[in-house]
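Both counts, for ligands and for their atoms, begin at 1 and track the order of listing.
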Amino acid sequence: MNIILLGAPGSGKGTLATRLVDKLNIPHIATGDIFRFNLKNNTELGKLAKSYMDKGELVPDDVTCNMVKDRFQNDDAKEGFILDGFPRTIPQAEELDKILKSMNKKIDYCILVEADDDKIVHRMTGRRVCKNCGEIYHTVTLKPKKDGICDKCGSELIQRDDDKGEVVKDRLKVYHESTAPLIDYYKKQNLVHSVDGFASVDEVVKQALNIIGKWFQLKVTKK
Ligand code: AP5
């Protein structure tokens, strides 16, 4: 099962993806997370990505596509994957088509996490992430049991640099200009299904599982 999660920054793609991983047993491939991992480890890729991420801009398509192509070679992606934050431009989507074709694979579902911009701005400023395992929280809507501490691994929760101030607005602008056109790109292929990004997390997961239900039931029956 190969899934793309589409949606604005802060719509809840990462939150949904981590829940789906637990149910579907396929990896969550998030280009933003891979860039942040490289940034933390001070690699050349991390340094390059930082110069774009800090301004809310997109990392160049060729860099991003090559990174995803490499990631697909890992054994865990053989049975499928959940792509989060990729593709983000029409050229990235076209390149993804080529990569998948060469691997004899295709996209099965594109799940659009719908959310209004004005609600998103509030959401992003309250987001906190675990600096160790990446688990996502919110200071109001998804609080950890202990303030500032990750429920899963006990590490410190931090605010992402690009969740601060004007960068959020720039990211939303970039989303509407460069990424939103992908909705039509995948609608033309009859792949798009929507979930309500502002429903409760359980409800969003339920809506997504309903969309991919047939495949999910088949897999559970096989086990
Ligand atoms: P990336 O990391 O991909 O960020 P994004 O797409 O902007 O998405 P976010 O991670 O901000 O939001 P999300 O939708 O995952 O929301 P979340 O689940 O956390 O990209 C960062 C940067 O990297 C880009 O700006 C770019 O520079 C670069 N980059 C990445 N990919 C690239 C590419 N392909 N090409 C070029 N450049 C690329 O939820 C948000 C908050 O809401 C959280 O606090 C969460 O707890 C809360 N929440 C979520 N769902 C719910 C719910 N249902 N109820 C209550 N609270 C909820």
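- The heavy atom nearest to atom 9 (P) of ligand 1, considering only His138, Lys143, Arg127, is found in Arg127.
- When non-hydrogen atoms are compared, ligand 1 lies under 4.0 Å from neither the backbone nor the side chain of Ala30.
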- [ ] Let me see the working for Thr31 and Asp84 under side chain to side chain contact (heavy atoms under 4.5 Å, CB included), right down to the final yes or no.
- [x] CA-CA 7 Å; Thr31 40; Asp84 164 9; over 6 Å; no

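- Ligand 1 has an N or O atom lying under 3.5 Å from an N or O atom of Lys13, backbone or side chain.
- Closest approach of Pro27 to Ala77, counting heavy atoms only: CG-CA, 4.0 Å.
- No heavy atom of Lys55 sits closer than 4.0 Å to any atom of ligand 1.
- Seen from the ring of Tyr137, Lys143 does not count as a face-on cation partner, given the 6.0 Å and 45° thresholds.
- Only backbone heavy atoms of Tyr137 (N, CA, C or O) come within less than 4.0 Å of ligand 1; its side chain stays farther off.
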- [ ] List the steps, then state whether side chain to side chain donor-acceptor pair (under 3.5 Å) holds for Tyr185 with Asp97.
- [x] CA-CA 12 Å; Tyr185 182 89; Asp97 287 344; 2.4 Å; yes

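- No option in Ile3, Ile4, Leu191, Val204 other than Ile3 meets the side-chain contact (heavy atoms from CB on, under 4.5 Å) test with Ile111.
- Polar contact check, Gly10 against ligand 1: a nitrogen or oxygen pair lies under 3.5 Å apart.
- Among all protein heavy atoms, the one lying closest to atom 16 (O) of ligand 1 is Gly12 N, 3.3 Å.
- With a 4.0 Å cut-off on non-hydrogen atoms, Ala199 touches ligand 1 through its backbone and not its side chain.
- Checking side-chain atoms of Asn38 against main-chain N and O of Leu45 turns up no donor-acceptor pair under 3.5 Å.
- Applying the salt bridge (Lys or Arg N to Asp or Glu O under 4.0 Å) rule to Glu94 yields no partners; only residues at least two apart in sequence or on another chain are considered.
- Shortest contact from atom 18 (O) of ligand 1 to any protein heavy atom: Thr15 OG1, 2.6 Å.
- Considering only non-hydrogen protein atoms, atom 47 (C) of ligand 1 sits nearest to Arg123 NE, 4.0 Å.
- The closest approach between a heavy atom of Arg160 and any atom of ligand 1 is below 4.0 Å.
- Relative to the ring axis of Phe198, Arg123 places its NZ or CZ within 45° and under 6.0 Å from the centre.
- Counting protein heavy atoms only, atom 27 (O) of ligand 1 is closest to Glu57 O, 2.5 Å.
- When Arg171, His122, Met124, Gln92 are checked for heavy-atom proximity to atom 11 (O) of ligand 1, Arg171 turns out nearest.
- What sits closest to atom 31 (N) of ligand 1 on the protein, heavy atoms only, is Thr31 OG1, 2.7 Å.
- Residue contacts with ligand 1: Ala17 is excluded, as none of its non-hydrogen atoms falls under 4.0 Å.
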- [ ] Check the pair Met124, Val121 against side chain to side chain contact (heavy atoms under 4.5 Å, CB included), reporting the backbone distance first and the verdict last.
- [x] CA-CA 5 Å; Met124 305 272 267; Val121 174; 5.9 Å; no

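- Nearest protein neighbour of atom 37 (N) of ligand 1, counting heavy atoms only, is Val59 N, 3.0 Å.
- Not a single heavy atom of Gly7 sits less than 4.0 Å from an atom of ligand 1.
- Only the side chain of Thr64 comes within 4.0 Å of ligand 1, counting heavy atoms alone; its backbone N, CA, C and O stay farther away.
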TODO: Could you walk me through whether His193 and Asn210 pass the side chain to side chain donor-acceptor pair (under 3.5 Å) test, one step at a time?
DONE: CA-CA 10 Å; His193 304 261; Asn210 276 341; over 6 Å; no

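- Proximity of Thr141 to ligand 1, defined as any heavy-atom pair under 4.0 Å, is confined to the side chain (atoms from C-beta onward).
- Looking at Leu142 against ligand 1, only its side chain comes within 4.0 Å, counting heavy atoms.
- Here atom 21 (C) of ligand 1 lies nearest to Asp162 when heavy atoms of Val129, Asp163, Asp162 are compared.
- With a 4.0 Å heavy-atom cut-off, ligand 1 is reached by no atom of Ala49.
- Atom 24 (C) of ligand 1 has Arg88 NH2, 3.8 Å as its closest protein atom, hydrogens excluded (heavy atom only).
- Judged by distance alone, the side chain of Asp151 and the main-chain N or O of Lys145 form a donor-acceptor pair under 3.5 Å.
- Under 4.0 angstrom from ligand 1, there are no non-hydrogen atoms of Glu203.
- Contact annotation: for Asp61 versus ligand 1, there are no heavy atoms closer than 4.0 Å.
- Taking 4.0 Å as the cut-off, Pro60 does not count as a neighbour of ligand 1 on heavy-atom distance.
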